[in-house]
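These notes are about the structure you will find just below.
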Amino acid sequence: MDLVNLKINGIEITAPAGSTILEAARQNGIYIPTLCYDEAVEVYGACGLCVVEAQGVPKLLRSCSAKVSEGMVINTESERVVKSRKIAMELLMSAHDGDCVAPCQLACPANTDCQGYVGLIANGDFDAALKLIKNKIPLPASIGRVCPHPCEKACRRGKVEEPINIAQLKAFAADMDLKGDSYIPQCNADTGKRVAIVGGGPAGLTAALYLRQKGHSVTVFDMMDKMGGMLRYGIPQYRLPKEVLDSEIAIIEKTGVNLVNNVKFGSDITLDMLKSVNDAVILAPGAWKSTPMRVKGEDAQGVYGGIDFLRSVIQGDSVNIGERVAVCGGGNTAMDACRTAVRLGAKEVYVIYRRTEKEMPAEEIEIKESKEEGVVYKFLTNPVEIHSQDGKVCGMTLQLMELGEPDASGRRRPVAIEGKTEYLPLDSVIMAIGQKLDSTDFNVVELTERGTILADEDTFKTNIDGVFAIGDATNKGASIAIAAIGEAEKCVKAVDAYLNGYELDLTEKYISKRDDERIDLSSKEKEPRIVASVLEPNHRKNGFDEVSLGLTAEEAQKEAQRCLECGCREYFKCKLLSVAQRYDINPQRFAGEMPQKYTRDENSFIERNTAKCILCGLCVRSCKEVMNISAIGLLGRGFKTSVSPAFALPLDQTKCNGCGMCVELCPTGALTEKSALKKQVPLNEQYSVESRVINGEQCNAVVSRYNGKVIRAVPDNDSARNCGLSRDEFLNLFANSED
């Protein structure tokens with residue numbers, strides 16, 4: 001065998017004469033990107049990504065077709081090469097109309113794979129769904145009950161009729177797990193590193209579990225008598241039974257996390273103490289202080305902060321609110337407060353909100369159910385003064401409002417109507433307008449002007465080495481529990497990097513997103529959203545029994561099957577995305593009319609989505625050259641060219657035999673194995689590594705069979721690649737020989 005000597009990226013190598021630069025690079029473990037090349041078919045050179053720079057050659061060479069020569073010097077990552085690849089990728093992606101990740105997942109602050117676990121529930125694989133959820137959320141039964149589900153707001157099913165009931169599906173999968181032998185995540189071998197976490201709320205518990213899974217020793221300190229933070233002390237029993245929370249915390253503890261209660265930071269323990277015996281510290285104390293309204297008379301007896309009120313009720317303390325109660329605020333804490341007041345026996349419960357119902361941030365279901373329980377809403381009103389008699393609340397003066405121009409939040413600004421007020425006789429007032437960190441004991445780290453802990457938004461580092469901070473106590477202040485969980489999961493990566501002495505890659509990876517304005521869902525059949533049954537109003541308002549009865553298995557599967565599966569099922573193995581994320585691309589600069597319409601076509605085995613196609617030609621060539629079927633081809637000319645069956649027939653009206661070779665070779669997700677929700681039978685293809693003796697040498701190949709017939713044989717060693725046989729001869733050798 002004749003060999004030539006050449007140099008690639010400064011590495012001296014040898015390669016068989018007549019081989020291509022791409023083959024030489026691959027044989028020596030040197031990566032060159034390509035999306036249109038495969039050993040099974042003839043070279044096509046469509047994608048333009050495999051270009052390299054050869055010393056002394058003025059133009060860039062396509063490595064899939066350019067042959068090696070003696071003394072050749074190749075650079076696969078020169079400035080010219082990278083610039084060319086970036087432009088090629090931008091052009092490809094500008095015409096690629098597909099979602100790498102579903103909008104629901106992108107909208108989730110914890111980046112939960114909503115589509116993934118919804119699909120698993122649809123298929124009845126509840127255990128796998130639970131394990132997928134727990135990759136991001138360690139308390140799914142609790143979060144599924146209380147999360148305001150931004151994922152559902154982004155769900156495209158809402159453009160058909162109503163969003164998928166993602167939150168209750170999460171709770172369903174978690175409840176199924178808690179009813180049996182609960183899944184306990186596996187942990188790596190002990191690293192010898194120790195981490196202390198201050199705060200046992202959703203952020204602290206999340207960080208604890210995921211650090212423990214990495215093998216670190218973790219101790220969580222909390223000032224309250226039980227773990228759970230605001231999930232325990234800020235969410236009423238009727239929404240989140242504490243037995244559920246206890247069960248989920250117990251699972252975290254079983255992984256080896258050490259939980260220590262009734263320990264207050266700043267007095268019982270200090271930062272110096274924690275740093276002296278730990279390799280890192282995470283501050284996750286939460287926001288336990290109610291925000292004052294700064295209204296005249298709010299220091300009167302009978303005025304409660306929203307969080308203070310809820311915590312007192314949950315702890316079983318005596319709270320004398322009387323018969324007439326006003327709750328000021330429009331968020332979910334206000335909903336929890338007013339519905340709790342009803343359950344404590346108040347005869348008149350009012351919600352005071354300065355905008356209209358349309359602008360309320362609280363969930364619609366909370367507003368609806370509270371009205372059913374007798375809560376009265378006084379919209380477009382704002383407290384002016386809280387009145388008291390003998391030091392105790394007796395009433396409130398409300399300023400009547402009207403909506404003006406939109407403010408920074410996009411909602412119309414409430415404006416006082418001059419001279420118009422209303423007096424409301426009351427026994428107590430609950431101010432549920434926000435909460436913040438009690439910073440008294442946390443000034444050992446740098447604080448923001450808002451009185452929150454200053455932490456880097458990417459690494460969560462504070463101004464003290466080895467000390468990190470997450471959750472409601474940091475930066476912008478209190479948010480929803482799922483946001484704290486999302487921060488905690490990211491912080492774990494930063495802490496692990498710190499403990500192991502490496503830097504995190506904070507580069508934001510490129511993903512493809514569809515333009516919602518281009519999406520036409522008018523052909524989708526409308527199916528009603530399935531929601532869990534709830535207790536009757538007269539039953540629920542007289543006690544703290546859980547309101548929601550949860551989904552049945554049948555309801556959960558049926559609801560999950562409404563999913564549109566927006567995200568690409570090929571995401572984790574998409575070659576197009578893998579190459580796109582190697583370069584800092586901006587496809588928007590080539591944005592324009594999409595060359596192909598977003599349509600789906602399918603048969604019993606394969607789904608075809610033309611809008612994701614980049615015209616690499618692999619499917620067309622393999623169908624023709626390997627299978628000799630030609631079920632699909634290139635239709636049209638120029639910009640409008642598309643891959644399609646002849647005469648644009650549906651796929652199931654062609655000679656396609658479902659071998660799956662086109663699916664295997666497709667680099668973009670334009671061709672995929674049929675969804676598990678719809679698929680009738682799997683692709684009947686088997687793969688094996690087989691050997692044959694050719695010219696006295698053993699030659700290996702990866703062989704693919706369909707119904708026993710060899711449809712592909714790819715050389716797997718140098719002898720096989722250079723045996724002197726044509727591709728067809730090589731294929732026939734394996735097809736006609738004994739196994």
Side-chain angles (χ1 to χ4, degrees), residues 108-112 133-140 142-143 184-188 190-191 193-224 227-232 245 248-261 263 265 269 271 274-275 277-287 437 442 445 452-453 455-462 464 466-475 478-500 504:
C108 175
N111 196 36
T112 316
I133 295 167
K134 282 211 166 183
N135 284 339
K136 295 289 185 178
I137 303 175
L139 304 161
S142 301
I143 295 300
I184 300 176
Q186 294 295 309
C187 298
N188 294 341
D190 287 345
T191 63
K193 303 290 186 180
R194 297 172 60 89
V195 182
I197 299 175
V198 177
L205 291 172
T206 298
L209 175 63
Y210 295 144
L211 283 167
R212 184 71 199 99
Q213 285 185 255
K214 289 182 178 293
H216 306 311
S217 176
V218 185
T219 301
V220 182
F221 298 94
D222 195 272
M223 65 180 181
M224 305 300 288
M227 293 288 169
M230 285 300 162
L231 291 179
R232 182 180 300 280
L245 181 60
E248 296 199 297
I249 293 173
I251 291 172
I252 294 174
E253 192 170 20
K254 286 178 182 177
T255 65
V257 173
N258 187 27
L259 304 178
V260 182
N261 289 98
V263 176
F265 183 81
I269 54 172
L271 187 57
L274 294 177
K275 281 178 61 63
V277 294
N278 290 279
D279 299 289
V281 177
I282 299 176
L283 302 178
L437 169 71
F442 289 90
V445 293
T452 56
I453 300 171
D456 185 278
E457 293 189 358
D458 293 317
T459 65
F460 308 96
K461 293 179 180 179
T462 67
I464 299 178
V467 180
F468 302 77
I470 52 176
D472 288 352
T474 66
N475 299 333
S479 184
I480 56 180
I482 192 68
I485 286 173
E487 276 195 5
E489 193 261 344
K490 294 174 186 174
C491 179
V492 165
K493 296 175 183 176
V495 172
D496 187 62
Y498 173 81
L499 294 175
N500 289 290
L504 276 180

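Positions are given from 1 along the sequence. Every value quoted in this text rests on a predicted model; they were computed, and no experiment measured them.
- Inter-residue side-chain proximity for I197 and V281 is flagged as unmet; no heavy-atom pair is nearer than 4.5 Å.
- Between the SG atom in C187 and the CG atom in L211 there is a gap of 10.5 Å [rounded to 0.5 Å].
- Nearest heavy atom pair, residue A488 against residue A203, reads CB-O, 3.3 Å.
- In this structure a side-chain-to-backbone donor-acceptor pair under 3.5 Å is missing from E489 to A207.
- Contact annotation: the side chain of I251 approaches that of P185 to within less than 4.5 Å [non-hydrogen atoms, C-beta and beyond].
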#### Entry: Intermediate values then yes/no, side-chain contact (heavy atoms from CB on, under 4.5 Å), N188 and Q213
CA-CA 6 Å; N188 294 341; Q213 285 185 255; over 6 Å; no
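- Remark: the backbone N or O of N475 is paired with a side-chain donor or acceptor of T452 at under 3.5 angstrom.
- Closest of all the heavy-atom pairs between A284 and G204 is CB-N, 4.0 Å.
- Between the side chain of D222 and the main chain of M224, a donor-acceptor pair closer than 3.5 Å is present.
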### Task
Under the side chain to side chain donor-acceptor pair (under 3.5 Å) rule, what do D496 and H216 come out as? Steps first, then yes or no, please.
CA-CA 9 Å; D496 187 62; H216 306 311; 2.7 Å; yes
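- For the pair T191 and L499, the minimum side-chain heavy-atom distance is 4.5 Å or more.
- Distance check: T219 OG1 to L274 CG gives 9.5 Å after rounding to the nearest 0.5 Å.
- How far OG1 of T206 is from NZ of K490: 13.0 Å, rounded to the nearest 0.5 Å.
- N261 is not listed as a side-chain neighbour of V263, based on a closest heavy-atom distance of 4.5 Å or more.
- Here I184 contributes atom CD1 and K134 contributes atom NZ; the two are 8.5 Å apart, rounded to the nearest 0.5 Å.
- Across every non-hydrogen atom of P285 and F442, the tightest pair is CB-CZ, 3.4 Å.
- Shown here for L139 and P202, the closest heavy-atom pair between the two residues is CD1-CA, 4.3 Å.
- A heavy-atom distance below 4.5 Å is found between the side chains of V445 and L271.
- At a threshold of 4.5 Å between non-hydrogen side-chain atoms, the residues V195 and D279 do not count as touching.
- When all heavy atoms of F468 and K461 are compared, the pair lying nearest together is CE2-CG, 3.5 Å.
- Using a distance-only test at 3.5 Å, with no hydrogens or angles considered, a donor-acceptor pair links the side chain of D472 to the main chain of S479.
- Y210 contributes a side-chain N or O that, together with a main-chain N or O of K136, makes up a donor-acceptor pair within less than 3.5 Å.
- Between the CD atom of E487 and the CD atom of E457 there is a distance of 8.0 Å, given to the nearest 0.5 Å.
- With a 4.5 Å cut-off on side-chain heavy atoms, V220 and M227 count as touching.
- Of all the heavy atoms in G228 and L245, the pair that sits closest is CA-CD2, 4.1 Å.
- Considering only heavy atoms from C-beta on, L209 stays 4.5 Å or farther from V492 through its side chain.
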#### Entry: Trace of the side-chain contact (heavy atoms from CB on, under 4.5 Å) decision for L205 with I249
CA-CA 8 Å; L205 291 172; I249 293 173; 3.9 Å; yes
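- When T474, I470, V198 are each tested for a side chain to side chain contact (heavy atoms under 4.5 Å, CB included) with L283, only one passes: V198.
- In summary, the aromatic rings of F221 and F265 are positioned with their centroids too far apart to meet the 6.0 Å limit.
- Electrostatic pairing of D190 and R212 counts as a salt bridge here, judged by a charged N lying under 4.0 Å from a carboxylate O.
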